[in-house]
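Both counts, for ligands and for their atoms, begin at 1 and track the order of listing. Values below: all heavy atoms of this structure, side chains included; hydrogens, waters and symmetry mates excluded. Given the structure is predicted, the values throughout are model-derived calculations rather than measurements.
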Amino acid sequence: MCSGFRDIAAEKEQKGKAMAQRDGLQVTAKELPEIPLPSIKVRDPLTLVIFGATGDLSLRKLIPALFVMFRQGLMPDKFAVIGMGRRGYDDESYRAWMADTIREFSRVEADSNTVTDFCSHLHYHDGDITTEQTSIALRDRLRDMTLFPSNHLFYLSIKPEYFECVTEHLSNAGLIKGPYGDEWSRVVIEKPFGRDLKSGTELNRHVLAHMHESQVYRIDHYLGKETVQNILSFRLANAIFEPVFNNKFVDHVQITAAETVGMESGRGAYYDATGALRDMVQNHLLQLLCLVAMEPPADLTAEAIHNEKVKVLHSVTPFTPESAGNATVRAQYVEGNVNGETVPGYRSEDRVNPDSQTESFVAARLSVENWRWAGVPFYLRTGKRMAKRVTEIAVQFKVPPLQLFNTVECVGDVCDLTRSKPNILAFRIQPEEAISLSFSAKRPGLQVQVENVDMDFSYAETWHKDLPEAYERLLLDVMRGDSTLFTRSDEVESAWRIVDSILNGWVESSPPVCEYSAGSWGPKEADSLFKDCDASAWRRPA
Ligand code: BG6
């Protein structure tokens with residue numbers, strides 16, 4: 001072997017053979033599986049208790065995800081799911097409802113035998129989750145260990161104001177076991193985890209008074225998306241990109257999460273009290289920033305990855321009232337056209353205050369002041385009712401130091417001379433998962449001219465495979481006790497520290513709430529964030 005490369009798979013194989021020989025087993029190379037990957041099926045028998053089992057998330061995502069896992073043979077041999085709610089169902093009527101739900105929302109074939117088989121594991125428990133009696137009644141029900149295996153997974157898909165009382169009641173009822181016993185208890189907590197640094201920290205303190213950090217799984221469903229997981233793999237499994245991921249080569253990074261949806265299904269009330277900054281930036285966008293900016297972890301353990309992410313978040317310069325005024329832009333959509341349909345403005349949406357000042361769009365320029373990224377702006381933007389549904393991270397490299405060639409840019413048949421174009425590496429997270437690298441190439445012909453072209457890798461075209469839903473990945477991980485794709489308490493608090501500095505800056509410097517037409521790429525004021533940069537602007541992903 002001519003480089004310092006270690007063939008870890010081969011080393012493992014050698015080690016496996018040596019151990020088997022030591023244990024007196026006869027092993028020949030042929031008997032070893034070609035790719036000795038461990039099965040990802042959940043081994044521990046378990047009972048999953050869903051708080052908020054009749055809510056949207058449970059119906060559209062959790063139950064269908066569990067069904068897919070069941071169909072793929074990933075669920076443990078013995079498991080039960082208890083749906084907690086206040087709708088007066090019993091096991092039988094709940095199963096019938098969930099069977100319909102699966103038929104409606106499952107991404108895999110829902111044949112009636114498998115659906116019936118899966119639904120036989122479902123149970124319903126009626127009760128007011130805010131009272132201690134409900135947890136006590138649940139505990140009594142869980143005593144029947146022939147039906148309910150005693151590893152307990154509590155999934156809190158409920159209003160955030162109930163997180164504290166439910167964890168406290170579960171703990172008081174003795175349902176949270178210690179972290180080091182043979183049987184386990186884990187608690188999954190949905191977002192939003194707090195409203196600001198103070199409430200996020202208090203919630204952490206409260207939850208951690210009843211259980212160990214290793215038992216808390218704070219969900220950010222973006223981390224379960226296949227392409228989000230690929231960011232680290234792409235960076236660290238390829239030797240050619242990582243050396244240029246730094247301030248010597250990168251001009252800036254743009255992270256966009258644009259949505260075309262507005263305030264459908266009565267979402268206005270939640271959203272108007274929350275806004276784009278808390279709803280999307282504090283969690284999803286800052287997590288994407290971490291993945292693209294973090295240092296390579298020492299290994300792939302949850303601990304090592306969380307440590308590196310926290311370091312990135314600590315390196316982000318908090319905003320001052322002045323920078324919150326000139327390095328962020330907040331806005332609301334006004335009436336416009338989305339996908340050929342006229343839609344109302346934000347303030348006319350159902351359950352939105354007609355005088356609302358809540359932002360449905362936010363853009364910000366962040367500085368990650370560490371050795372690798374000092375001087376490289378990170379631009380984040382997210383909004384509702386934008387031109388396209390697209391989430392992507394674009395790493396824009398510096399232009400070559402000399403413009404040796406005539407660079408041409410063509411729109412249709414009309415071509416103009418232009419300045420050198422930068423290379424851009426774009427991770428497309430949704431809707432079509434892809435990675436593209438744009439670079440300049442000589443145009444065919446007798447003239448020496450270069451033009452920007454793209455090298456595209458598309459998941460769908462390469463692997464022709466349905467990608468797992470984020471919740472399948474995340475549920476599988478929590479059942480297997482892997483918290484890598486969940487957020488740790490200090491990560492959540494560090495993210496709130498950044499968002500808090502913007503929120504406080506907005507209070508002090510009162511920047512205007514700008515307007516953008518529904519169906520556009522956001523307010524024109526957002527372009528001002530690029531004013532000190534050379535030849536840069538927000539991308540309009542095709
Ligand atoms: C949620 C936000 O966390 O993410 C929603 O609360 C948003 O407002 C959603 O629409 C976007 O998720 P996705 O997976 O559709 O990009």
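- Partner of Gln332 under the side chain to side chain donor-acceptor pair (under 3.5 Å) criterion, out of Glu515, Arg347, Glu359: Arg347 alone.
- Residues meeting the salt bridge (Lys or Arg N to Asp or Glu O under 4.0 Å) test with Asp100, sequence neighbours left out: Arg103.
- At a heavy-atom cutoff of 4.0 Å, ligand 1 is surrounded by Lys191, His221, Tyr222, Lys225, Glu259, Arg267, Asp279, Met280, His284, Lys384, Arg389, Gln430.
- Under the salt bridge (Lys or Arg N to Asp or Glu O under 4.0 Å) criterion, Lys309 pairs with Glu491, sequence neighbours left out.
- A salt bridge links Glu202 to Lys198: at least one charged side-chain nitrogen sits closer than 4.0 Å to a carboxylate oxygen.
- Looking at residues two or more places apart in sequence or on another chain, you find no ring-ring contact (aromatic ring centres under 6.0 Å, His included) involving Trp506.
- Side chain of Thr227 to main chain of Asn230: no donor-acceptor pair is present (N/O by atom type, distance under 3.5 Å, no hydrogens or angles).
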